[in-house]
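Reminder, nothing fancy here: chain letters follow the sequence lines and each chain counts from 1.
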There are 2 protein chains.
Amino acid sequence: MTKPTLVDVGKEAGVSAITVSRALRSPEKVSDSLRAKVDAAVRKLGYVPNQSASTLASSETNSIVVMIPSISNNVFTDVLRGIEDALKHTRLTLQIGNTGYDPIEEERVLRSFLNPAPKGVILAGIEQTNETRQMLANVGVPVVQIMDLSDAPIDQIVGFSHEDAAFAAANHLIDKGYCNIGFLGAQMDPRSQKRLAGFRKALQNAGMYDERAVVVTNRPSDVNIGAILFGKLTTQYPECDAVFCNNDDLALGVLFECQRRGIRVPTELGICGFNDLGVTSQCVPTISTVRTPLYDMGAKAGKILVDGGAGAKDRQVDLGFSLEIRNSSLR
Amino acid sequence: MTKPTLVDVGKEAGVSAITVSRALRSPEKVSDSLRAKVDAAVRKLGYVPNQSASTLASSETNSIVVMIPSISNNVFTDVLRGIEDALKHTRLTLQIGNTGYDPIEEERVLRSFLNPAPKGVILAGIEQTNETRQMLANVGVPVVQIMDLSDAPIDQIVGFSHEDAAFAAANHLIDKGYCNIGFLGAQMDPRSQKRLAGFRKALQNAGMYDERAVVVTNRPSDVNIGAILFGKLTTQYPECDAVFCNNDDLALGVLFECQRRGIRVPTELGICGFNDLGVTSQCVPTISTVRTPLYDMGAKAGKILVDGGAGAKDRQVDLGFSLEIRNSSLR
DNA sequence: TTGAAAGCGCTAACAC
DNA sequence: GTGTTAGCGCTTTCAA
């Protein structure tokens, strides 16, 4: 029982292979009776088109490539949901590549996905290697960068300002009367560095920046790391009365550590997270955070590519952010 | 600047296309000097093999297909990490399909991934349609089912017993002296139904099963749903003194709801979760849970397929589970 | 160790 | 509306 080809289906339906191809690809260009016969033959033989042959002949793929720093990071699963939803009810298929936060690895994996050329490419961040940019230019495929902003995107970019977001969050803490505010950061990728920059700017503006207030690690963000970093912070900066965290995981870890140590939130310590990953709205007390447009960035990027790369009028789309002020920062 | 082909590389290196192909695919079958020349030409032209052409000519893909019920569920991201790690340093590429917990959708998506045939297929659960089984049999591709056990796997299966795991968890609560134990379940897929069955068996054995003790929903599991389900449970079963949750998300939601209502854990209410998703070991109090071999199932399934589908001696591999007894169930 | 010929299954371009 | 011809870029088979 060898796999049926277009020729087999054609024989069964009493027509030529190319007619079957047309009946399947553009049913409107074919007579009704013929379409019915072809459909019957397809079903009878269990015909499934060979993607490789189709791609080779037409030099057209139906795939969208997404390069993601990490699949186990909830931040990116939200983004992926957005992309998936945008591709739903479309012939487009999603090809996910994992970069491990490494531009060189991104280049390597992306290269293998670029021949034949996909319908579009979604890239996280703006730190691509020159090689990557060159490759992309040669292939001439629509590219959408996400998660950040840039005046000089490869092609198009949809994101938000990490610096502004962190700046706003830090100012919120300052406004609430906290005056020894720490920064906790894990997975210090370039976007996290921008958050740190925004934080620093806000504190400097207020004349209350202190070197000791910053504790970061390059390890992946999780709840446990939050507690550990907070431990370090309180050691080197005991007067600390609030923390801004890089990511909600960390913020939750800080809250738990406070519960363990009997530190009252928000009176003794204010907490603000980042990304609004869900659990911060449920814990006790609820944790203030910065809502970032994770799902929307994915959905918008997907839509742009579904529309052939011409979805946005401007090359840069700023989806913004919003402060979700909850109980952990209201003293 | 059109994309270079094998012929172009051959011309550049002064050899034929087929020789280039060989130099790239099996370098040991080619003289050193030639290999050097070819490598130089490849680099100079920026040659990248055309996957479609290669696949079409050899009728061999280098992809592993994984059908996952949902990418936004942390349970599956852990599994995916395992698979990815197994494929690392391998020519194999991961193709992820999303089933949305629907066997019909699984069939539809899988069908489109099956021609040309991938090197292997990983399927979650054992609820495939007959059509799906038929397709897979026709294609003759190695299949590994994961997340569950079965005496009649399609091909091979690696998982653990959900019923036994829930049975053990429920018995643990019974042993600790809780006697009105509720079951909270979201995303009631077939594996969750098995957990419910295991729970029920334990309570019935102990002569303390009560209809009102079971509160479930088909909505996806998250922290908020945990609180909601717990609310329902306490309404319809006020004497409830412990809950076993389908998933750690729910357990965390229950803990938060207890904090809100001033219910003391574990004295007034015992809590046990499922899957050991990380945060349960960090919260206050820590939450007892069932550690399931999420990463390991992915890694093992991946390894089996990397080894050509013959990795396991037995068709069924039971990776087991373990009780992580923490503070939420020790009164 | 290297090359020539044939063909994988499909579609573009052109006929009828 | 339907068929014919050619060829996508590669690998298989066979020959040298």
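One interatomic measurement links the two molecules: CG of B/Asn62 to P of D/dT11, which rounds to 11 Å at whole-angstrom precision. Look at CD1 on A/Ile18: it is 16 Å from P on C/dG9, rounded to the nearest Å. Rounded to whole angstrom, the span from the CG atom of B/Leu6 across to the C1' atom of C/dA5 amounts to 16 Å. One can place CG of B/Leu56 at 18 Å from P of C/dA6, the figure rounded to the nearest angstrom. D/dT12 atom C1' lies 12 Å from atom NZ of B/Lys29, rounded to whole Å. Regarding A/Glu60, its CD atom lies at a distance of 22 Å from the P atom of C/dG9, rounded to whole Å. Summarising the geometry, the separation between CG on A/Asn50 and P on C/dG7 is reported as 18 Å, rounded to the nearest angstrom. Regarding B/Arg22, its CZ atom lies at a distance of 20 Å from the P atom of D/dG9, rounded to whole Å.
Contact annotation: B/Ser59 does not reach the phosphate of C/dC8 (side-chain N/O to OP1 or OP2, under 4.0 Å). Taking only side-chain nitrogens and oxygens, A/Ser54 comes nearer than 4.0 Å to OP1 or OP2 of C/dT11. An OP1 or OP2 oxygen of C/dG3 is reached within less than 4.0 angstrom by a side-chain nitrogen or oxygen of B/Ser16. Between B/Ser21 and D/dT11 there is a side-chain polar atom (N or O) within less than 4.0 angstrom of OP1 or OP2. In this structure, B/Ser31 reaches the C/dT2 phosphate: one of its side-chain N or O atoms is under 4.0 Å from OP1 or OP2.
At a cut-off of 3.5 angstrom, counting only N and O atoms as typed in the model, there is no donor on one side facing an acceptor on the other between the side-chain of A/Arg35 and the base of D/dG1.
Residue order along DNA chain C, read from the 5' end via each residue's closest nucleotide, puts B/Ala17 first among B/Ala17 and B/Ala53. Residue order along DNA chain D, read from the 5' end via each residue's closest nucleotide, puts A/Val30 first among B/Ser58 and A/Val30.
With distances taken from any side-chain atom of A/Ala57 to the nucleotides C/dT11, C/dA13, D/dG9, the minimum falls on C/dT11.
Within 4.0 Å of A/Arg25, counting heavy atoms only, lie sugar-phosphate atoms of the nucleic acid but no base atom. When heavy atoms are screened at a 4.0 angstrom cut-off, A/Val15 is found touching the sugar-phosphate backbone but no base atom.
Residues B/Thr19 and B/Ser16 bring a donor and an acceptor atom of their side chains to less than 3.5 Å of each other. No hydrogens or angles considered: a donor-acceptor pair under 3.5 Å links the side chains of B/Asp85 and B/Tyr295.
Summarising the geometry, atom CD1 belonging to B/Ile304 is positioned 4.5 Å from atom CD belonging to B/Gln156; distances are rounded to the nearest 0.5 Å.
A salt bridge is defined here as a Lys NZ or Arg NE, NH1 or NH2 lying under 4.0 Å from an Asp or Glu carboxylate O, and B/Asp8 with B/Lys3 fails to meet this definition.
Contact between B/Arg133 and B/Ile126 at its shortest, heavy atoms only, is NH2-O, 3.0 Å.
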